[in-house]
Every structure is written in C-alpha cells, then in structure tokens.
Asks: 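Let me begin by handing over the structure; questions about it come next.
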Protein chains: 4
Amino acid sequence: MHFFLTVLNLTERSIKIKIMSPRSAKQYSEIRKQKKELIMETALELFAQNGFHATSMSQIAKKAGISKGLAYNYFQSKNEILEEILETSSKEIYKNIDINHDGILTDEEFYFFIKKTFQLINRNRRFWKLYTSVVLQTNILEEKNKSMVEKLTPAFDLIRNFLISKGSKDPDGDMMVISTLLKGASVIMIFSDFYPSELLEEKIIAAIQRILSNNNVTV
Amino acid sequence: MHFFLTVLNLTERSIKIKIMSPRSAKQYSEIRKQKKELIMETALELFAQNGFHATSMSQIAKKAGISKGLAYNYFQSKNEILEEILETSSKEIYKNIDINHDGILTDEEFYFFIKKTFQLINRNRRFWKLYTSVVLQTNILEEKNKSMVEKLTPAFDLIRNFLISKGSKDPDGDMMVISTLLKGASVIMIFSDFYPSELLEEKIIAAIQRILSNNNVTV
Amino acid sequence: MHFFLTVLNLTERSIKIKIMSPRSAKQYSEIRKQKKELIMETALELFAQNGFHATSMSQIAKKAGISKGLAYNYFQSKNEILEEILETSSKEIYKNIDINHDGILTDEEFYFFIKKTFQLINRNRRFWKLYTSVVLQTNILEEKNKSMVEKLTPAFDLIRNFLISKGSKDPDGDMMVISTLLKGASVIMIFSDFYPSELLEEKIIAAIQRILSNNNVTV
Amino acid sequence: MHFFLTVLNLTERSIKIKIMSPRSAKQYSEIRKQKKELIMETALELFAQNGFHATSMSQIAKKAGISKGLAYNYFQSKNEILEEILETSSKEIYKNIDINHDGILTDEEFYFFIKKTFQLINRNRRFWKLYTSVVLQTNILEEKNKSMVEKLTPAFDLIRNFLISKGSKDPDGDMMVISTLLKGASVIMIFSDFYPSELLEEKIIAAIQRILSNNNVTV
DNA sequence: AATGAATGAGACTTCATTCAT
DNA sequence: TATGAATGAAGTCTCATTCAT
C-alpha cells in the first residue's frame with residue numbers, strides 16, 4: 001500500500017517538476033530555429049513586395065504575428081535580416097550548381113546546366129526579385145554581390161570550352177548571345193508573367209541548339 | 001547727373017524684381033523651367049545612385065544648391081519629383097518610337113527599330129536603372145508601369161506580322177526569343193559593364209538575322 | 001541488488017528535489033542567500049563600472065551565469081537590486097562605527113575613528129564609487145541618502161565635544177577643516193590612484209594632529 | 001506728382017519684398033546661436049539634476065519648448081549635446097586660470113589662486129555636478145577628462161615651488177594636505193549646502209595659512 | 001522666388017519585466 | 001529553483017513637409 005502511494009507521489013511530483021522546469025536546450029533551439037525562419041520568410045515576402053527601405057520592422061513583426069522586440073531578439077538589426085536572407089538563400093541556390101566534375105562539359109551536362117538555371121530562377125522568383133532590388137539600392141552589399149558573381153565564372157570557362165569543342169567559329173560571340181538569352185529569360189521570369197516559363201524555356205533551349213547546330217553546318 | 005544714373009539703376013533693379021511686366025514673366029517662366037529641370041536632374045542622379053527611399057530632400061536640395069523650401073515650391077512632394085522624372089523621361093523616350101506609319105514593317109524599319117532600342121537604352125542608362133529600382137520597390141507606381149508597357153503592344157503586333165511575312169513558321173516563338181534577346185541585352189547594358197555595348201549590339205543583331213534567315217532556309 | 005541501488009538513487013534524487021524536508025529547506029535557504037549575494041556582487045561590479053542605467057539586467061544575468069528570470073525570482077526589479085546593495089553595504093559599513101559608548105571621545109577613540117574611516121573607504125572603494133554615482137543620477141534615492149547622512153550626526157557631536165575638550169577656540173571651524181580633510185581624502189581615494197592611500201592617511205592624520213596641537217599651543 | 005507715386009510704389013514694394021524675402025544670414029545665425037544655447041542650458045540643467053542617462057531628449061525638448069526634431073537640427077546626438085556642454089563650460093572655466101606669468105608664485109598670487117578656485121567651483125556648481133557624474137558613468141570621455149586634469153599640472157609645480165620657497169620641510173606632504181583640503185571643499189560646495197561656502201573658504205584659507213606659518217616656525 | 005528653422009509622424013532599437021514551461 | 005522566449009513602453013534619431021520671413 002505504501003509502495004503504491006510512493007509511486008503515486010513520485011509520479012505526481014515528476015509531473016509537477018516537468019511543468020515547472022524550463023524547456024530543454026533542444027526545445028529552445030527548436031523554437032529559435034522556427035521563429036528565425038518565420039521572421040526571415042515574412043521579411044523576404046515584404047522586402048520582395050515593397051522593397052527593403054519601404055518595409056518597416058513593425059510591418060514584419062505584425063505580419064509574422066510577433067512583437068517588434070522579439071524580432072530584435074533574433075536579429076541585431078533590420079539589415080541583418082536582409083543579410084541572412086541573402087546568405088541563406090544564395091547558399092541554398094549555389095549548392096545546386098556543381099558541374100565542376102572533370103572540367104569538360106558534355107552535351108548532356110551543358111543542357112542540364114541550362115535547365116538547372118531555369119529551375120533555379122523559377123523556384124526562387126521572390127528571392128531573385130529581392131536580390132535584384134537590393135543590389136540596385138544598396139552600395140553596402142557590393143562585396144557580397146561580387147562574391148555571388150565570382151562563383152559563376154568557372155561555369156563561363158566551361159561553357160566557352162564547350163562552344164569551341166562544338167566547332168564554334170566565334171565562341172565569345174556565341175557565349176555573349178547565349179548569356180544574353182539566359183539573362184533575358186531570367187528577367188522575364190522574375191519580373192513578369194507575360195510568357196509561361198515552360199514555353200519560354202523550350203524556345204530558349206531551341207534557340208541555343210540552333211546556334212550550336214548553325215556552327216556545325218557552317219563548318 | 002549722377003543722381004539720375006542712380007535712379008535709373010534703382011529703376012532697373014525694381015524692374016528685375018517686378019513680376020508684372022511681360023518680359024519678366026517670360027524670364028521667370030524660364031527660370032522656373034530651369035530650376036525644375038535642375039531639381040529633377042539632381043534627384044534622378046541621387047535616386048539612381050542610392051535609391052528613392054535612401055535619398056532625402058535635404059540631399060537633393062543641397063546637391064542642387066537650393067533650399068528645401070524651394071524644392072517644395074516646384075514639387076508638391078518627393079514622390080511627385082519621382083513621378084515627374086518617370087513621366088518626362090518616358091515621354092522623351094517614347095517620342096522616338098513612332099513606327100505606326102502604315103502598319104507594315106519593312107526590313108529597314110525592323111532593323112531600325114532594333115538599333116533604336118539599343119540607342120534608347122544606352123543613352124538613358126541612369127534613367128532605366130532608376131526606373132527598374134523604382135518599379136521594384138514601389139507598388140504605387142504599378143499603374144504607371146502598366147501604361148508604359150501598353151505603349152509597346154502595337155509594336156509587338158507589327159513585329160509579329162513582320163516575322164510572318166519573313167516566313168516564320170513559329171512567329172510567337174521567334175518573337176519570344178527576339179524579345180528575350182532584347183530584354184537580356186537591355187539588362188546587361190543597364191546594370192553591368194561586362195560587354196562593350198557596340199559589340200553586344202552587333203552580336204544580338206546578327207543572332208536576330210540568323211533567326212530570320214533560318215526560317216527562310218527551312219522554308 | 002543493482003535494482004535497489006537504482007531505486008535508492010531515485011529516492012535520494014527525489015529527496016533532493018523535495019522542498020518539504022527540514023534539511024533541504026536549510027540548504028535551499030543557503031542557496032538562495034548565495035544566489036542573492038552573487039547577483040548583488042555582480043550588479044555592484046557592473047554598476048560601479050558602467051553606471052546604473054548603462055547596465056542591463058541581461059548583462060547582470062549573463063555575468064552572474066544565471067537567467068534573467070532567476071534574477072527576478074530574487075529581486076522585484078533592477079532598482080531593488082540597487083537598493084539592496086546600498087542598504088546591505090551601508091549596514092555593513094555602519095556597523096563598524098560604534099563609538100557611542102559613553103558619549104565621550106578619548107584621544108585613542110578619536111584617532112581610531114579617523115583610521116576606521118580611512119579603512120572604511122579603502123576597503124569599499126567600488127561601493128563608494130557606485131554610491132556617489134547613484135546619488136548623482138537619481139533623485140529617487142534622496143531620502144535614503146539623507147538617512148545615511150543622519151546616521152553620522154551623532155558622531156559629529158562627539159567630535160565637536162572632543163575638540164572643545166582639547167581646548168579648541170573655534171570647534172566648529174576646526175571641525176569644518178577636519179571634515180573637509182576627510183571628505184577630500186575620501187574622494188581622492190575613491191576616484192583616483194594619484195596618491196598612495198597609506199601616505200595620504202599619514203599626512204592627513206598629521207595635519208589633524210597639528211590642528212589640535214595648535215590649539216593647545218595658542219592656549 | 002508722378003515722382004511721389006513712384007517713390008511710394010518703391011516703398012510699398014520694398015516692404016512687400018522685405019516681408020517675403022528670407023531672413024538674412026545674420027538673422028539665421030543669431031537664431032541658431034540662441035537656440036543652441038537654449039538647448040545646452042536646458043540639457044545641462046536636466047543632466048545635472050537627473051543624470052545623463054536618465055534624461056531623455058523628449059524631456060529636454062519639452063522643457064526647452066521645442067520639438068525633438070529641432071534639437072537634432074542643432075546637435076547630431078544626445079551625446080553631442082553633452083560633449084558641447086563639457087567643452088564650452090570647461091573652456092569658459094579654464095580661460096580664467098592663467099597664473100603662468102613668470103613661473104614663480106608670490107604670496108599674493110598663491111592666495112589669489114586659492115580664492116579663484118573657490119570662485120570657479122562656486123559659480124559653476126551645476127556644471128561640476130554634471131561633470132562629476134559624467135566622469136563617473138562614462139568611460140568614453142576618459143580622454144577628455146585627462147586633458148582637463150593635465151591642464152592643472154603646471155599649477156601643481158608652481159605651488160610645489162612656492163611651498164619650498166616658504167620653507168616647507170615636506171613640500172609634497174604639504175601639497176597633499178592642501179590639495180586634499182581644496183578637493184574636500186570642492187566636493188562639499190558642489191554636493192551639499194551643509195556649510196555656507198564663504199565660511200568654508202575662510203576656514204580653509206586659514207588652515208592653509210597655518211600650514212605655511214607652521215613651517216616657518218619650525219625652521 | 002527663396003530661405004532654413006521648425007514640426008511631428010514614424011523609423012529603428014533597447015530593455016525591464018512577464019510568463020509558459 | 002530555473003530558463004529564455006516574448007512583450008511593450010520608451011528611447012534615439014530621421015526626414016518629408018510646413019511656415020514665417
């Protein structure tokens with residue numbers, strides 16, 4: 001009898017204690033992670049919609065359903081939110097680009113890269129919109145911008161070599177046209193809904209194929 | 001004698017000050033026009049450089065060498081400066097596009113249009129930069145943006161017809177590729193110095209020609 | 001066997017957690033006392049270093065190695081921490097002043113009081129620094145300040161009587177000079193390292209002796 | 001007749017113009033000067049009363065009868081107000097200390113310096129209160145503090161030489177006592193109304209005289 | 001036409017304090 | 001007893017805009 005009582009007591013006590021004791025480190029860490037993501041996600045949405053300067057911390061907090069103070073519990077400043085968004089997003093984006101296998105591009109790899117680029121843009125339209133607007137209005141971020149650009153240069157070399165291997169008489173010129181096509185397609189996809197992106201992708205790839213085949217023909 | 005001269009001087013001075021006389025009115029109107037242009041020019045420079053929100057009226061006034069009060073004498077608000085810049089610039093830009101002669105595009109006219117587009121971009125890079133950044137950070141201007149786009153639609157029809165007349169089997173697809181090329185070239189010219197614009201123009205025109213000739217070949 | 005040990009362990013643990021048992025109560029009381037002291041000690045250090053307003057509860061909690069919430073478990077407010085520091089420290093300080101034996105000061109007792117004063121200052125420089133800065137920036141504490149001052153008035157009377165008994169022709173004037181000397185020495189000791197405190201003490205005591213002997217001589 | 005009319009017109013016009021034309025540079029400069037002084041005076045009062053941190057810009061603006069914004073038109077930050085107060089006041093104070101005539105102190109000059117010191121403290125009690133509190137709670141201002149202290153060192157040398165010339169057997173010790181007396185008197189004058197300052201000054205000077213005469217006697 | 005002092009709304013940020021766990 | 005996420009009031013500061021001159 002006494003035994004049962006003791007057990008009961010222990011149980012009750014342990015329940016009591018569980019309630020009164022602070023959350024575990026894991027729980028806190030989980031809360032922090034989720035809240036940070038919530039804030040960044042909300043901020044990205046507003047930044048992309050209205051621009052960085054036109055978005056106030058109050059708006060972010062309100063839309064995220066938290067107090068302004070809490071946002072500052074997670075980020076030192078509004079600027080830091082922006083920086084973390086750029087960093088996190090660009091990390092996520094660039095982890096998908098990995099074509100530096102052997103330094104040589106096969107036909108397959110080349111078209112894979114093109115398609116990957118379209119995917120990249122299409123899936124992160126909101127981010128790219130923000131990214132563009134930020135680059136346009138902030139001089140502070142120039143270094144970050146450079147580093148993002150520099151990550152692409154190896155790809156350029158690969159493509160140039162690929163064009164040469166395909167018999168291009170004017171590899172630089174062809175690359176200029178191809179990158180202009182990709183740039184144009186990106187801008188169209190990011191900033192307007194004028195063309196359906198699948199159709200655009202199809203036509204652009206066809207155009208690139210024609211450029212490559214033209215070279216062969218002419219040779 | 002000396003007395004009269006002095007009086008005369010005074011009189012002249014008072015005329016200068018006087019607003020009523022017809023000649024002064026013209027002069028003042030001229031001054032007003034020049035001041036307005038000065039303010040808009042200065043504002044455009046700062047807006048393009050630092051963004052609309054990051055540019056203060058104080059900065060504009062200081063850089064223009066006038067007082068803040070005077071700026072408000074010419075414009076009702078900072079926003080109005082922006083709007084007038086956009087309006088004035090776009091007017092100036094679009095007055096150059098006037099291909100609605102007979103509804104039919106000759107080869108000459110088509111390439112003239114392409115070249116004109118390059119000129120248009122190249123000569124107003126600062127404006128286009130501002131324009132892009134403004135469109136990116138302000139929802140207020142969406143209507144204005146639409147109206148700018150709509151002005152281009154007649155051109156689209158003309159080009160489409162032209163492509164058909166050139167034997168294009170896929171006029172919509174070809175137009176998509178051509179406008180993508182122009183869009184991409186614009187963005188490259190506006191936002192980077194990576195390619196020299198003359199070279200870019202040459203390559204893009206060549207690419208467009210190839211698209212057109214390809215059609216013929218296939219037919 | 002192992003099972004029992006485990007059970008035992010559990011039991012022991014549950015005892016530890018249990019608040020009711022007499023021994024634990026004492027232990028917890030001890031813990032509370034230590035924690036309070038830790039918080040006050042930490043706060044005093046930061047307050048004296050950076051000022052009351054410039055020190056945040058976060059800083060105190062972090063430096064003390066506890067959570068903010070716990071600090072509020074021991075003190076109702078940041079202000080209360082300050083008040084308790086002032087109270088506790090002043091109690092500790094004043095408990096050393098106890099010359100109200102018979103209402104008469106002997107030579108020995110007088111110089112003991114002077115030396116005690118130097119000790120008092122020297123051993124609690126940090127506290128006095130805080131005390132001064134707090135008195136300087138808070139009007140709220142004025143009453144407390146008064147009460148601290150009032151505790152000293154009996155001492156004043158004693159000294160005045162002592163000076164008279166030593167044949168002072170101007171006891172109030174002499175007391176003014178002596179207290180000015182002590183005040184000056186206190187300030188120098190608290191706020192600068194310009195003079196070594198032992199030397200300062202020696203010179204001040206010598207000066208006081210001269211004041212007293214001067215009186216005798218003149219009489 | 002016409003002549004008179006013209007004159008009249010001119011007068012009227014000039015009045016009109018006078019009313020409408022902006023203030024002259026001199027007028028603006030005068031306004032600025034007065035407003036700055038008003039703000040600094042108000043801030044000094046509040047800083048000295050409640051401490052720097054406990055005083056908000058709102059309080060300053062309200063008490064000065066201006067908007068917060070205007071205060072920032074004259075000072076870049078709250079800190080700058082403090083710095084200008086310290087600088088302006090200390091300049092004003094130190095311009096009165098100028099005893100470096102020939103490097104030698106006569107009796108007259110010595111007592112003049114003592115009296116001057118009392119005057120200096122007495123007339124600027126509010127400033128010295130602020131100054132002390134600022135030194136106590138701000139680490140940033142340490143350099144400024146040093147420079148204020150260093151301005152006094154030549155005076156120290158002069159006094160030391162003076163004491164030697166007066167036959168002091170222990171010039172350093174005597175100086176220690178004298179500066180302790182002055183320090184103590186300063187603190188008493190600044191922070192309490194316990195003694196009337198004239199009486200205090202009299203007694204302190206008498207005490208110093210006794211120190212000097214004592215030396216002679218002993219020699 | 002022109003000035004710049006002045007305002008006030010609102011931005012970013014901090015921090016004492018509370019509260020669920 | 002102990003945690004730290006969360007709040008909200010208040011603080012510093014900026015800036016578009018107004019207004020007397």
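Quick note on labels: first sequence line is chain A, next is B, and so on, each numbered from 1.
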Asks: Once rounded to the nearest 0.5 Å, what's the spacing between atom CD of Gln49(D) and atom CG of Leu44(D)?
Replies: 11.0 Å

Asks: Check the distance between dT3(E)'s C1' and Asn73(D)'s CG and give it to me in whole angstrom.
Replies: 13 Å

Asks: Specify the separation, in whole Å, of atom CD of Gln34(B) and atom P of dA1(E).
Replies: 13 Å

Asks: What integer distance in Å separates Leu38(D):CG from dA6(E):P?
Replies: 10 Å

Asks: To the nearest Å, give me how far apart CD1 (Ile39(D)) and C1' (dA6(E)) are.
Replies: 11 Å

Asks: By salt bridge (Lys or Arg N to Asp or Glu O under 4.0 Å), which residues pair with Arg126(D), not counting sequence neighbours?
Replies: Glu41(D), Glu45(D)

Asks: Could you check whether Ile66(A) gets within reach of a base, just the sugar-phosphate, or nothing at all, counting any heavy atom under 4.0 Å?
Replies: sugar-phosphate

Asks: Would you kindly compare Gly65(C) and Gln59(D) by the position of their nearest DNA chain F nucleotide and give the one closer to the 5′ end?
Replies: Gly65(C)

Asks: To the side chain of Lys35(D), which of dA1(E), dA6(E), dT7(F) is closest?
Replies: dA6(E)

Asks: Could you check whether any side-chain heavy atom of Ile81(A) comes within less than 4.5 Å of a side-chain heavy atom of Met57(A), counting everything from C-beta outward?
Replies: yes

Asks: Have a look at Phe75(A) and say if it touches a base, only the backbone sugar-phosphate, or nothing, with a 4.0 Å heavy-atom cut-off.
Replies: nothing

Asks: Keeping Ser89(D) on the side-chain end and Ile85(D) on the backbone end, is there a donor-acceptor pair under 3.5 Å?
Replies: yes

Asks: Is the phosphate of dG4(F), meaning OP1 or OP2, less than 4.0 Å from a side-chain N or O of Arg23(A)?
Replies: no

Asks: Hey, which of these two, Arg32(B) or Ala71(D), hits DNA chain E nearer its 5' end, going by closest nucleotide?
Replies: Arg32(B)

Asks: What is the distance, to the nearest angstrom, from the CG atom on Leu70(A) to the P atom on dC19(E)?
Replies: 16 Å

Asks: Of all residues at least two apart in sequence or in a different chain, which pass the salt bridge (Lys or Arg N to Asp or Glu O under 4.0 Å) check with Lys129(B)?
Replies: none

Asks: Give every donor-acceptor pair under 3.5 Å between a side-chain atom in residues 65-77 of chain C and any protein atom, sequence neighbours left out.
Replies:
unit_1   : atom_1 : unit_2   : atom_2 : d
Ser67(C) : OG     : Leu70(C) : N      : 3.2
Ser77(C) : OG     : Asn79(C) : N      : 3.4
Ser77(C) : OG     : Glu80(C) : N      : 3.0

Asks: For Lys62(D), give me all partners under salt bridge (Lys or Arg N to Asp or Glu O under 4.0 Å), at least two apart in sequence or on another chain.
Replies: none

Asks: Starting from P on dC15(F), measure out to CG on Leu46(B) and report it in whole angstrom.
Replies: 13 Å

Asks: To the nearest angstrom, how far is Glu30(C) atom CD from dT1(F) atom C1'?
Replies: 15 Å

Asks: Both Ser67(C) and Tyr28(D) contact DNA chain F. Taking the nearest nucleotide for each, which residue is further toward the 5' end?
Replies: Ser67(C)

Asks: Once you round it to whole Å, what is the distance between P of dA2(E) and NZ of Lys62(B)?
Replies: 20 Å

Asks: Of Phe127(B), Phe52(B), Tyr131(B), which meets side-chain contact (heavy atoms from CB on, under 4.5 Å) against Phe47(B)?
Replies: Phe52(B)

Asks: With 3.5 Å as the limit, what N/O pairs link the protein to nucleotides 12-14 of chain E?
Replies:
unit_1  : atom_1 : unit_2   : atom_2 : d
dC12(E) : OP1    : Lys78(A) : NZ     : 2.8
dC12(E) : OP2    : Met57(A) : N      : 2.7
dT13(E) : OP2    : Tyr72(A) : OH     : 2.6
dT13(E) : OP2    : Lys78(A) : N      : 2.9
dT13(E) : O5'    : Tyr72(A) : OH     : 3.4

Asks: If you look at every heavy atom in Ala43(C) and Ile60(C), which pair is closest and at what distance?
Replies: CB-CD1, 4.0 Å

Asks: Grab the two heavy atoms, one from Leu86(D) and one from Val134(D), that are nearest each other, plus how far apart they are.
Replies: CD1-CG1, 4.1 Å

Asks: Reading 5' to 3' and counting Watson-Crick or G-U wobble pairs with both distances under 3.5 Å, write the dot-bracket notation for DNA chain F, | for bases paired outside the strand.
Replies: .||||||||||||||||||||

